[in-house]
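Every chain is numbered from 1, with letters handed out A, B, ... down the list of sequences.
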Amino acid sequence: MSDLKIHDQPAYLQQLNEVQRQAVTTTEGPVLVVAGPGSGKTRVLTFRIAHLIQQGVPPWEILALTFTNKAAREMKERIERVVGERASRVWAGTFHSIFARILRIEADKIGYPSDFTIYDTDDTKSVLGAIITEMGLNKDQYNVNFLRNRISSAKSNLITPKLYRTRNDLLDEDHMAQRPRTVEVYEKYMARCKRSGAMDFDDLLLRMFELLQNHPDVCDKYRQRFRYLLVDEFQDTNFLQYAIVRKLVHYPGSPCNICVVGDDAQSIYGFRGATIRNILEFESDFKNFGIKVFKLEANYRSTEHIVQAANELIAHNTRQIPKTIYSQKGPGERIKLIRAMTDSEEGRRVADTILELKNRHHLRNSDFAILYRTNAQSRIFEEHLRHYNIPYRVFGGMSFYQRKEIKDLIAYLRLAVNPRDDEALRRIINYPRRGIGNTTLDKLGNLASQLDLTMWEALPRLDAGTRTNTLLQEFRHLIESFQQKAAQTDAYTAASYIAQHSGLLKELGADKTPEGLQRFENVTGLLDGIKAFVENDVLETGQEASTDRSLAAYLQNIALVTDLDQADDDGDYVTLMSVHSAKGLEFKSVFVTGLEEQLFPSYLSLDSPEAIDEERRLLYVAITRAEQFLTLSFAHSRYRYGQQRMCEPSRFLSEIAPEHLDQTSPHGSLSRAPFGRFENRMGPRSTQTQSAPPRSGVSGNFKKPRQQTLRADPATFKPSPPEAIQPGMKVLHLQFGEGKVLKVDGARDKRVATVFFPDLDTDQEKRIMLKFAKMQIIS
DNA sequence: AGGGCGCGATTTTTT
DNA sequence: ATCGCGCCCT
């Protein structure tokens with residue numbers, strides 16, 4: 001901050017160090033930002049976008065691609081803080097959601113309906129299962145998980161079925177693996193998805209690439225449109241994602257305003273196709289466009305021992321971008337090492353250490369994270385935390401949207417929007433049971449592939465005997481009535497009609513076991529979420545006003561959302577998660593556990609140097625999550641697969657200089673007094689979504705306002721017509737109480753009022769979409 | 001059509 | 001140990 005011209009600069013630029021500032025203000029031409037952990041990466045990215053807008057770039061000409069919805073949301077929020085509402089016009093989102101949006105617009109050009117269905121991993125496996133059954137293949141040999149991986153990685157490397165056929169190396173591999181017909185499965189799979197009007201996650205990328213490749217006019221349109229392109233976590237991109245990015249910016253005469261931000265040392269998703277080469281070779285790829293490289297090496301997160309240990313560790317990797325991360329926070333404490341005899345002792349001592357640190361440094365539960373390589377390790381920590389009454393929350397595991405009952409209802413909803421969705425149909429044609437058994441289903445499947453139709457289309461042509469025919473016809477009428485509802489009413493009306501008339505609610509309601517009750521609640525929770533989607537009148541930060549409240553719109557919203565995105569951050573609990581899930585997070589105190597050979601590094605990585613390097617990066621990520629206190633732990637024996645096994649300390653431990661480690665026993669006088677309230681999740685393997693109903697995909701924030709004096713009574717509440725609402729008026733909002741209208745902008749359906757609600761304790765200023773507003777004018 | 005039993009697998013995971 | 005799946009029996 002020694003720049004003399006500092007006072008001439010906008011406030012946001014003054015919050016940056018020299019390198020960061022250059023990375024933000026070098027707006028033209030290709031830029032690579034190598035961002036070490038805790039180096040202010042997100043700040044650079046968001047300020048850069050804000051800066052572009054301040055410089056007069058129209059927000060809609062900026063495309064920012066991320067990997068998670070959470071990252072995209074945070075980015076938009078932070079941009080809005082600098083440039084205000086204009087932020088909502090920036091195209092910021094995940095690769096998948098942005099491309100889905102474009103593909104829906106351009107759907108007709110690639111022979112898809114614009115309301116195409118998005119298949120998740122389960123749907124994909126189910127399609128593959130049907131194909132191998134139909135082809136009469138052995139399902140151990142042609143294992144669906146293998147096939148899914150193989151196809152996914154082919155797509156991620158831009159290998160279409162046609163190209164696959166020409167690739168002798170791949171065909172040979174399949175032959176050697178006794179799976180010579182893999183390419184046929186791949187072809188059939190693609191054809192089926194197309195026929196069903198469905199795309200899987202990889203297709204969203206592949207079809208995007210093909211759209212740009214095969215339609216020069218469309219390609220030009222988006223090249224013109226997105227004059228400025230930014231990519232977050234670039235080290236996690238796969239070949240296909242990079243190919244799309246290149247397509248958009250790498251062409252003769254391109255202004256080539258692309259900025260990629262990432263850290264090769266934090267590339268930990270190689271197993272799902274991410275290729276570290278993208279970032280390593282980015283510089284040479286854009287040399288001709290005059291690329292500038294900025295390295296953010298100042299770490300504002302962690303103390304010196306932690307940063308240096310991380311540096312030493314990662315120095316053992318080959319192939320990396322040279323950089324030296326240095327701490328800005330003083331030496332701090334040494335890294336504690338726990339050597340335990342057993343996994344159970346490890347658990348106990350981690351819990352002990354948490355109590356001790358809480359005591360000595362006045363930390364909150366939420367300042368702690370326990371990280372592990374595999375999710376199976378969480379159980380022991382849970383037991384010990386429970387024993388000490390330390391509240392905790394386990395991340396990972398089954399998400400809300402993966403639960404069977406949720407997927408069942410969603411399958412009905414999907415079918416109502418797109419009856420060609422074979423996977424949805426297969427899932428619910430006989431659930432709840434309506435006498436359409438496997439025999440009939442097989443016949444239907446065979447007929448469909450014979451006629452090259454979807455099952456829905458083949459349904460009326462199937463003759464399965466008088467009795468079954470009647471049942472099938474009833475089913476058709478049922479779905480047709482759902483289709484009608486979906487087309488004519490809003491998402492909630494349609495969904496509750498469907499939940500009721502499909503018999504799903506009745507079926508679930510009949511089960512009075514605790515699990516059955518939970519399932520019923522999950523489904524009603526989903527319906528509540530849909531209701532919130534329909535009634536939602538609050539325009540979230542960075543959101544564009546959208547007035548579509550149809551079932552189709554709802555499904556499009558949830559298809560690319562996980563409930564990890566909506567993890568509520570209130571509550572004081574210790575975080576338990578895998579190292580992978582911890583990426584991007586930070587905690588005052590971090591425990592990295594199970595540092596043993598075969599576990600961390602994983603036994604599956606032992607025979608490949610590249611895989612070991614990725615494990616090392618994984619540990620690098622884990623270590624650099626810690627701000628002040630880092631504890632590493634391992635056990636000499638551990639139960640694995642029901643057997644107690646001896647284990648060796650991880651090789652990675654010896655790669656950290658002993659001077660950073662504090663190996664003295666942490667046990668002085670330890671208070672065993674229980675801290676915190678007992679508020680653990682119910683079961684040992686619970687997830688963070690235990691009881692929380694999902695929030696609407698569009699809006700999120702439904703914090704209940706405090707009960708205050710001026711609260712609307714739903715019984716007497718009469719919403720005023722939206723047209724009547726004008727700036728300066730006092731209004732009563734059904735949810736937020738009394739408020740004052742500050743301004744109204746937008747036109748017709750998209751009118752948005754900015755209202756100040758004094759009764760709320762946070763986010764008092766809300767942007768309310770008047771079309772859906774539940775507000776009554778007081779004066 | 002559904003329940004029960006036995007066998008095999010079991011890193012990490014956004015979208 | 002634990003869970004999911006597939007097969008077989010009722």
Side-chain angles (χ1 to χ4, degrees), chain A residues 65-72 93-100 118-125 129 133 138-140 143-146 148-149 152 155-156 199-206 208 232-233 236-238 240-241 267-274 343 371-380 395-399 401-402 404 430-441 556-565 577-584 594 598-606 611 614-615 617-619 621-622 638-645 684-685 697:
Chain A
L65 298 169
T66 66
F67 276 86
T68 64
N69 293 304
K70 191 173 159 223
T94 63
F95 281 89
H96 297 266
S97 66
I98 295 281
F99 297 164
I118 296 174
Y119 276 172
D120 68 12
T121 310
D122 286 344
D123 294 318
T124 296
K125 288 195 218 169
T133 309
N138 177 322
K139 39 180 159 305
D140 292 321
N143 169 297
V144 289
N145 281 310
F146 164 85
R148 198 200 67 81
N149 269 324
S152 171
K155 286 181 182 172
S156 304
M199 293 195 206
D200 67 19
F201 293 135
D202 299 311
D203 289 333
L204 294 174
L205 307 178
L206 186 60
M208 180 71 199
D232 189 17
E233 304 280 18
D236 289 337
T237 51
N238 62 32
L240 175 53
Q241 283 162 325
S267 160
I268 56 172
Y269 285 109
F271 69 91
R272 65 180 191 211
D343 47 1
L371 308 183
Y372 33 73
R373 178 68 241 270
T374 68
N375 286 124
Q377 287 165 258
S378 76
R379 219 199 65 227
I380 288 183
F395 290 77
M398 194 172 332
S399 78
Y401 293 104
Q402 288 175 330
K404 182 183 177 298
N430 199 32
Y431 181 82
R433 260 169 300 154
R434 44 177 76 89
I436 304 172
N438 282 334
T439 327
T440 311
L441 202 54
Q556 283 165 25
N557 251 295
I558 60 162
L560 296 171
V561 163
T562 22
D563 44 20
L564 205 79
D565 293 325
M577 56 169 57
S578 70
V579 179
H580 282 94
S581 324
K583 185 158 158 224
Q598 321 245 22
L599 182 59
F600 202 166
S602 158
Y603 67 100
L604 288 157
S605 66
L606 294 182
E614 180 147 322
E615 297 282 312
R617 291 193 292 268
L618 196 52
L619 181 55
V621 167
R638 173 177 303 274
Y639 274 94
R640 282 188 94 181
Y641 310 137
Q643 291 252 295
Q644 196 175 30
R645 313 241 182 128
R685 303 255 48 220

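Across all strands shown, A:D120 has no heavy atoms under 4.0 Å from either base or sugar-phosphate atoms. Using a 4.0 Å heavy-atom distance criterion, A:S605 is classed as making no nucleic acid contact. Residue A:F95 is classed as having no contact, given no heavy-atom separation below 4.0 Å to the nucleic acid. Within the nucleic acid shown, A:Y639 has no heavy atom closer than 4.0 Å to any nucleic acid atom. Within the nucleic acid shown, A:N430 comes within 4.0 Å of sugar-phosphate atoms alone, with no base atom in reach, counting heavy atoms only. As judged by a 4.0 angstrom heavy-atom cut-off over every strand, A:S602 is placed among the base-contacting residues.
Whole-Å rounding puts the A:D232 CG to B:dT14 P distance at 16 Å. Rounded to an integer number of Å, the gap from CD1 of A:I268 to P of B:dT11 is 17 Å. Nucleotide C:dT2 holds its P atom 16 Å from the CG atom of A:N375, rounded to whole Å. Rounded to whole angstrom, the span from the CG atom of A:L204 across to the P atom of B:dT14 amounts to 16 Å. Distance CG (A:D202) to P (B:dT14): 14 Å, rounded to an integer number of Å. Protein atom CD of A:Q643 is 16 Å distant from nucleotide atom P of B:dG8, rounded to whole Å.
Dashed line: the shortest gap from a side-chain N or O of A:N145 to OP1 or OP2 of B:dA9 is not under 4.0 Å. For A:N69, no side-chain nitrogen or oxygen approaches OP1 or OP2 of B:dT14 to under 4.0 Å. Phosphate contact (OP1/OP2 of B:dA9, side-chain N/O of A:Y641, threshold under 4.0 Å): absent. At the phosphate of B:dT12, neither OP1 nor OP2 sits under 4.0 Å from any side-chain N or O atom of A:S581.
Salt-bridge check for A:D236 with A:K583: passed, with a basic side-chain N closer than 4.0 Å to an acidic carboxylate O.
Here A:F271 counts as stacked on B:dT12: its ring centre is under 5.5 angstrom from the base ring centre and the planes meet at under 30°.
In this structure, A:D200 contributes its side chain and A:D203 its backbone to a donor-acceptor pair below 3.5 Å.
The distance from atom CG of A:D123 to atom CZ of A:F201, rounded to the nearest 0.5 Å, is 8.5 Å. To the nearest 0.5 Å, atom CG of residue A:D232 and atom CZ of residue A:F95 are 9.0 Å apart.
Residue A:R434 is the one, among A:H580 and A:R434, whose nearest nucleotide of DNA chain B lies closer to the 5' end (criterion: closest heavy atom). Along DNA chain B, the nucleotide nearest to A:R272 and the one nearest to A:E615 differ in position, and the one closer to the 5' end is contacted by A:E615.
Ring geometry, A:Y269 versus A:H580: the interplanar angle falls from 30° to 60°, so the pair is classed tilted.
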